[in-house]
Amino acid sequence: MIPFLVSAPIKLLIKIGQKIKDEADKEYFDISAIQQKLIQLQMLYELEEISEEAYKEKEQELLLRYEVAKQRELDEWEKLAEEEEDKG
């Protein structure tokens with residue numbers, strides 16, 4: 001009984017942490033949000049509100065996030081396709 005009383009809050013905390021991580025990843029790798037940020041970045045650069053160096057640095061970061069997001073999306077589609085094949 002005592003091990004359960006000790007481990008239950010820890011397991012709950014781990015589940016909450018995982019849920020927070022999943023939600024953060026979902027937002028961080030949201031393709032439409034990344035595209036919107038790229039557009040905003042382009043506008044800031046064109047309005048000369050940021051330097052070319054800052055623009056290129058942030059653009060590279062966003063493009064890497066976009067690439068990872070697209071790969072994650074592709075992996076998810078492949079996983080769903082495999083599950084459908086296994087059913088049929």
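Predicted, not measured: the structure shown is a model, and the values here were computed from it. Numbers here simply count residues along the sequence, with the first being 1.
With a 4.5 Å cut-off on side-chain heavy atoms, Arg72 and Val68 count as touching. No side-chain heavy atom of Glu61 sits less than 4.5 Å from a side-chain heavy atom of Glu57.
Between Glu23 and Lys19 there is a salt bridge, since at least one side-chain N of the basic residue sits less than 4.0 Å from a carboxylate O of the acidic one. A salt bridge links Asp25 to Lys21: one of the charged nitrogens lies within less than 4.0 Å of a carboxylate oxygen. Taking 4.0 Å as the cut-off between side-chain N and carboxylate O, Lys56 and Glu59 do not count as a salt-bridged pair.
Side-chain contact annotation: Tyr55 with Gln42, donor-acceptor N/O pair under 3.5 Å present.
Once rounded to the nearest 0.5 Å, the distance linking CG of Asp30 with CD of Gln35 reads 9.0 Å. Considering NZ of Lys58 and OG of Ser51, their distance stands at 13.5 Å, rounded to 0.5 Å. Here Tyr28 contributes atom OH and Arg65 contributes atom CZ; the two are 4.5 Å apart, rounded to the nearest 0.5 Å. Taking CD1 of Ile20 as the start and CD1 of Ile16 as the end, the distance is 7.0 Å to the nearest 0.5 Å. The CD atom of Gln40 sits 9.5 Å away from atom CG of Leu62, with the distance rounded to the nearest 0.5 Å. Atom CD of Glu73 and atom CD of Gln71 lie 10.0 Å apart (nearest 0.5 Å).
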Review point. Should Leu74 and Glu78 be marked as a side chain to side chain contact (heavy atoms under 4.5 Å, CB included) after you check the CA-CA gap, both sets of side-chain angles, and the distance that decides it?
Key: CA-CA 6 Å; Leu74 180 61; Glu78 288 175 352; 3.9 Å; yes
Point to revise | Residues Asp22, Lys26; criterion side chain to side chain contact (heavy atoms under 4.5 Å, CB included); working and verdict | key: CA-CA 6 Å; Asp22 291 346; Lys26 188 176 176 182; over 6 Å; no
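The number of heavy atoms from other shown groups lying within 6.0 Å of CD (Glu67) does not exceed 12. For Glu48, the CD atom sits in a loose shell: 12 or fewer heavy atoms of surrounding residues, nucleotides or ligands are nearer than 6.0 Å.
Leu38 and Phe29 are not part of a single hydrophobic cluster, where members link through side-chain heavy atoms under 4.5 Å apart. Linking ILVMFWY residues whenever their side-chain heavy atoms come closer than 4.5 Å, directly or via other members, places Leu63 and Ile31 in the same cluster. The cluster map of Ile, Leu, Val, Met, Phe, Trp and Tyr, joined by side-chain heavy atoms under 4.5 Å apart, puts Leu44 and Ile34 in the same cluster.
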